[in-house]
There are 2 protein chains.
Amino acid sequence: MQGRTALARKGSETRERLLEAAERAVLAKGFAATSIEELIAEVGITKSGFFYHFGDKGGLAKAMLERHLEHDRAILDDVFGRGDALNEDPLHGFLVGLQLLAEMLGQLKEAHPGCLAASFTYQDQLFNREVRDLNRSGVLAWRERFCTRFALIAERYPPRVPVDLDGLADMASTLVEGGLVLGRAMQDSAILPRQIRLYRDFVRAIFLPG
Amino acid sequence: MQGRTALARKGSETRERLLEAAERAVLAKGFAATSIEELIAEVGITKSGFFYHFGDKGGLAKAMLERHLEHDRAILDDVFGRGDALNEDPLHGFLVGLQLLAEMLGQLKEAHPGCLAASFTYQDQLFNREVRDLNRSGVLAWRERFCTRFALIAERYPPRVPVDLDGLADMASTLVEGGLVLGRAMQDSAILPRQIRLYRDFVRAIFLPG
DNA sequence: AAGTTACTGTACCGGCGGTAGAGTAATCTG
DNA sequence: CAGATTACTCTACCGCCGGTACAGTAACTT
């Protein structure tokens, strides 16, 4: 049992430790300013070892994004799952989910995947197609999640005026990305949760006017 | 006349040409991936010449940000000035201004200062305090502009429910920053203007309910 | 005539991303 | 037990890039 997976575990453990070190460093000072050499020094590995795992620095970016998209999905599943568990209604479950999301985003100060997504987006010429597609898929995941939910809500609460529901779906990720940028620029972690709460107010006003 | 400013003009012209080349390159592939050497090659200057003008790469970042904050302010003055010129009322002038802003942001595909602001925000450890403070001042300028406007509007159109007007002011820059990130990630320049139009709808719904 | 501005030219430095290729200990597979 | 695979190490090297040092200089200002 121990022997069976010792090497495989060692391999994936080293990789994982590299990703953790990279995450800390990148969130602190950006991807470009994070050197491979500092990562291998922290983990206690050689340069060859790094390139064995990731091929090049873009491979590291890709692995970091994959890791975070998964984490992202899990968080959204959690908050909206809990919102729906507390509420039969699709609208009110969603509103509770948004509230939970705001609280969650207020807690994790700056360790959000959006940081990575935005950061990579602005250096995307550095990376290969895979990284850009991954980034795209992250946005699409949010869009689809919110779009289907709004379609469900609109069935029960048809808005009296025509609303751009697709745009409203994108507004969630827009506010998260933008909120992270502003929060970072202003060193104020309260900005993002406040934006999410305003978004919740907006959604409520659309489907429950008056 | 000609002679009086020939040298000074030459100096500032070279600087300006460097900034223009840098802007193109940075918007295309990011700041870190833009080398000083490619800029001086384009402008036809030596490395010493570059460092004469900017001191170091952070100096270039600072100059780019300054240039763009000024441009930014001019655009906002323009659109909301035009909005107000077409309308006596502070709310309706603002709503027209937002519409004009959406149109303007739809036209300039990706050459917006927000790109720079966000890009620099995610590499800010690279830069000195000045660059970070400049970035901050950009956000604060938007916040103050919108806050005073909302105070003015709220006098004439007191909202029936309590609204987070400060958060609503920040929502504008949040949506612009986030919209640029998403627009870039998705290669879709329609995302940002749509978000601004949704913002306009939100503002209208708050002050003109029903 | 002296000083300032806006550079050029040369030479050099260390860090970084990346490559090449040989070697190896531990582990898995047949 | 043999052979293949995994997860690396070690050594040596490359070119680019940001940055420094410093001397020189043509155009222009005072």
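Letters go in sequence order (proteins before strands), and every chain restarts at 1. No experiment lies behind these values; they were computed from the predicted model shown. No hydrogens, no waters, no symmetry mates; every other heavy atom, side chains included, goes into these values.
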Pair A/Asp72, A/Trp142: side-chain N/O donor-acceptor within cut-off below 3.5 Å: yes
Donor-acceptor side-chain pairing of A/Gln107 and A/Glu103 below 3.5 angstrom: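 Looking only at side-chain atoms, A/Glu103 and A/Gln107 do not form any donor-acceptor pair under 3.5 Å.
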Any N/O donor-acceptor pair, A/Lys57 side-chain to C/dG18 base, under 3.5 Å: no
Side chain B/Ser48 and base C/dG9 donor-acceptor under 3.5 Å: yes
Between [atom2] of [N] and [atom1] of [X], the distance in whole Å:
X	N	atom1	atom2	value
A/Leu60	C/dC16	CG	C1'	14 Å
B/Lys47	D/dC16	NZ	P	12 Å
A/Phe51	C/dT19	CZ	C1'	9 Å
A/Arg15	D/dT6	CZ	P	14 Å
A/Phe31	C/dG17	CZ	P	9 Å

Stretch residues 34-44 of chain A: residues that reach within less than 4.0 Å of DNA chain C through a heavy atom: A/Thr34, A/Ser35, A/Ile36, A/Glu37
B/Asp78 bridged to B/Arg82 by N-O distance under 4.0 Å: yes
Nearest to side-chain heavy atoms of A/Tyr52, which nucleotide of D/dA7, C/dC7, C/dG17: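 Taking heavy atoms from C-beta onward, the closest nucleotide is D/dA7.
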Among D/dG18, D/dC8, C/dC7, the nucleotide that comes nearest once only the side chain of B/His53 is considered: C/dC7
B/Lys57 to B/Phe31 six-membered ring, cation-pi geometry met (6.0 Å, 45°): yes
Residue pairs involving residues 43-53 of chain A (criterion salt bridge (Lys or Arg N to Asp or Glu O under 4.0 Å); sequence neighbours excluded):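 Those involving residues 43-53 of chain A are A/Glu37-A/Lys47.
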Salt bridge (charged side-chain N to carboxylate O under 4.0 Å, His left out) assessment of A/Arg17 paired with A/Glu20: CA-CA 5 Å; A/Arg17 279 166 60 216; A/Glu20 277 161 22; over 6 Å; no
B/Thr14 side chain near C/dC7 phosphate (N/O to OP1/OP2, under 4.0 Å): yes
